[in-house]
Amino acid sequence: MKSIYIYGASGHGLVVADIARACGYDIIFVDDGENKYPTFEDIKRTSGIPVAFGIGSNSIRAKLFEKVTSGGFEIVSLIHPSSIISPSATIGKGAVVMPRVVVNAKATIGDGVILNSSCVIEHECIIDDFVHISPNVALAGDVKVGKYTHIGIGSNVIQGIIIGNSTVIGAGSTVVKNISDFKKAYGNPCREIEDIK
C-alpha cells in the first residue's frame, strides 16, 4: 500500500483521510499545530511520498499548497470511488472530491478545490483555484466560480451565473444573478449583503 501525507489533521483532514484510504493509500498525517503529528519541517527532506490537503480554509490551503510545491513534493488529488467524473472534465492538483459527487461534461475544476459530499457540478462549469463547494450544492451548466470562494451547504446556482473571487454564498441560497468579488451573499433569491474586507 502506498503512503500519502495528509496535510491537516483536524475534522476536515479526517474526512480526507477516509477518502485516501478508499483510494488505497496508507495515511500519514502532517500538522503544524501542537499535537502528536509530524510538522512540515519534519518531513520536508523526505521524498517519494505525495501530499494531499486536509485543510478546510481556502486561504490557508492555498498558502500550504505553495509551501508544499516549493518543497518539491508531488501534490495529488483524491477522488472518492463513489463519485462520478465525466471523462471530459478536468481536475487540477490538490483537489478533493468527496463521496457521491457528480462532475459532468467539460467541467473544469482548479487546483486545491474541495467538492464536498453529494454536490453536483454540471456541464462546462469552471471552478477556479481553492474554492470550496459545500455538501449538496448544485451548480447548473456553465457556472463560473472565482478563486477562494465558498458556496454554503445546500445552495443552488442557475445556469450561466458568474460568482466572483473571495466571495461567500450563505447556506441554502438560490443564486439567480451574478455575484461580485469579495461579497457575502445569501437568501432566496441570493443577494449581496456586505463586502468582505
Side-chain angles (χ1 to χ4, degrees), residues 7-8 10 12-13 15-16 51-71 73-79 83 85-86 88-98 101-104 106-117 119-171 173-186 190-197:
Y7 202 160
S10 62
H12 184 74
V15 178
V16 173
V51 177
F53 296 95
I55 302 292
S57 166
N58 293 340
S59 59
I60 294 173
R61 195 165 63 257
K63 290 175 184 175
L64 296 183
F65 186 101
E66 180 60 33
K67 181 164 73 169
V68 169
T69 299
S70 297
F73 285 85
E74 177 191 3
I75 296 174
V76 297
S77 292
L78 294 173
I79 300 172
S83 290
I85 311 297
S86 169
S88 63
T90 59
I91 295 180
K93 294 190 297 184
V96 175
V97 180
M98 295 193 177
V101 169
V102 176
V103 179
N104 273 328
K106 295 189 176 179
T108 300
I109 310 300
D111 292 340
V113 168
I114 298 169
L115 299 182
N116 221 313
S117 303
C119 70
V120 176
I121 310 300
E122 266 299 343
H123 61 89
E124 300 167 288
C125 286
I126 298 174
I127 312 300
D128 212 332
D129 298 341
F130 306 107
V131 166
H132 186 163
I133 306 293
S134 295
N136 294 312
V137 168
L139 306 184
D142 198 32
V143 168
K144 295 175 177 60
V145 180
K147 290 182 179 179
Y148 303 106
T149 285
H150 186 145
I151 300 184
I153 190 168
S155 294
N156 298 296
V157 183
I158 67 167
Q159 67 277 3
I161 291 293
I162 298 172
I163 298 174
N165 299 314
S166 299
T167 283
V168 175
I169 304 297
S173 296
T174 301
V175 185
V176 296
K177 65 179 183 177
N178 294 346
I179 304 293
S180 304
D181 296 343
F182 296 99
K183 298 292 183 183
K184 289 183 181 177
Y186 57 84
C190 187
R191 60 190 181 92
E192 296 176 2
I193 304 300
E194 61 182 351
D195 294 338
I196 295 175
K197 305 288 189 211

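Hydrogens, waters and symmetry mates play no part in the numbers below; they use all other heavy atoms, side chains included.
- The OG atom of S134 sits 10.5 Å away from the CG atom of L115 when rounded to the nearest 0.5 Å.
- Scanning all heavy atoms of the two residues, the minimum distance from N58 to Y148 falls at ND2-O, 3.1 Å.
- Side-chain contact between D195 and K183: present, with at least one pair of heavy atoms (C-beta onward) separated by less than 4.5 Å.
- Across all their heavy atoms, H132 and G56 have their closest contact at ND1-O, 3.9 Å.
- K144 meets the salt bridge (Lys or Arg N to Asp or Glu O under 4.0 Å) test with D142; sequence neighbours excluded.
- Going from atom CD1 of I109 over to atom OG1 of T90 covers 7.5 Å, rounded to the nearest 0.5 Å.
- Judged by distance alone, the side chain of T149 and the main-chain N or O of T167 form a donor-acceptor pair under 3.5 Å.
- Contact record, G110 with V113: O-CG2, 3.4 Å, taken as the closest heavy-atom pair.
- Rounding to the nearest 0.5 angstrom, the gap separating the CD1 atom in I79 from the CD1 atom in I91 is 4.0 Å.
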Could you give the side-chain donor-acceptor pairs of residues 123-130 under 3.5 Å, partners two or more places apart or in another chain?
| unit_1 | atom_1 | unit_2 | atom_2 | d |
| --- | --- | --- | --- | --- |
| D129 | OD1 | D111 | N | 2.8 |

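- Going from atom OG of S173 over to atom CZ of R191 covers 10.5 Å, rounded to the nearest 0.5 Å.
- The side-chain contact (heavy atoms from CB on, under 4.5 Å) with V175 is formed by just one residue from the set N156, I151, I161; it is I161.
- Of the possible donor and acceptor atoms, one in the side chain of S77 sits under 3.5 Å from a partner among the backbone N and O of G94.
- Proximity of E66 to S70: side-chain heavy atoms (C-beta onward) are separated by under 4.5 Å at one or more points.
- A140 and V143 make their closest contact through O-CG2, 3.2 Å (heavy atoms, listed as atom of the first residue, atom of the second, distance).
- For the pair I193 and Y186, the tightest heavy-atom approach, listed with the atom from each and the gap, is CG1-CE2, 3.4 Å.
- Annotation: side chain of K106 is not in contact with side chain of S86 (no heavy-atom distance under 4.5 Å).
- Atom CD1 of I169 is separated from atom CD of E192 by 8.0 Å, given to the nearest 0.5 angstrom.
- Screening V101, L139, N116 for a side-chain contact (heavy atoms from CB on, under 4.5 Å) involving I133 leaves a single residue, L139.
- Between the side chain of S117 and the backbone N or O of M98, no donor-acceptor pair lies under 3.5 Å.
- The shortest non-hydrogen separation linking S155 to A171 is OG-C, 4.0 Å.
- Side-chain contact between C190 and I179 is present, with heavy atoms from C-beta onward closer than 4.5 Å.
- Judged by distance alone, the side chain of D181 and the main-chain N or O of N165 form a donor-acceptor pair under 3.5 Å.
- In this structure, I75 and F53 have side chains that are in contact, with non-hydrogen atoms separated by less than 4.5 Å.
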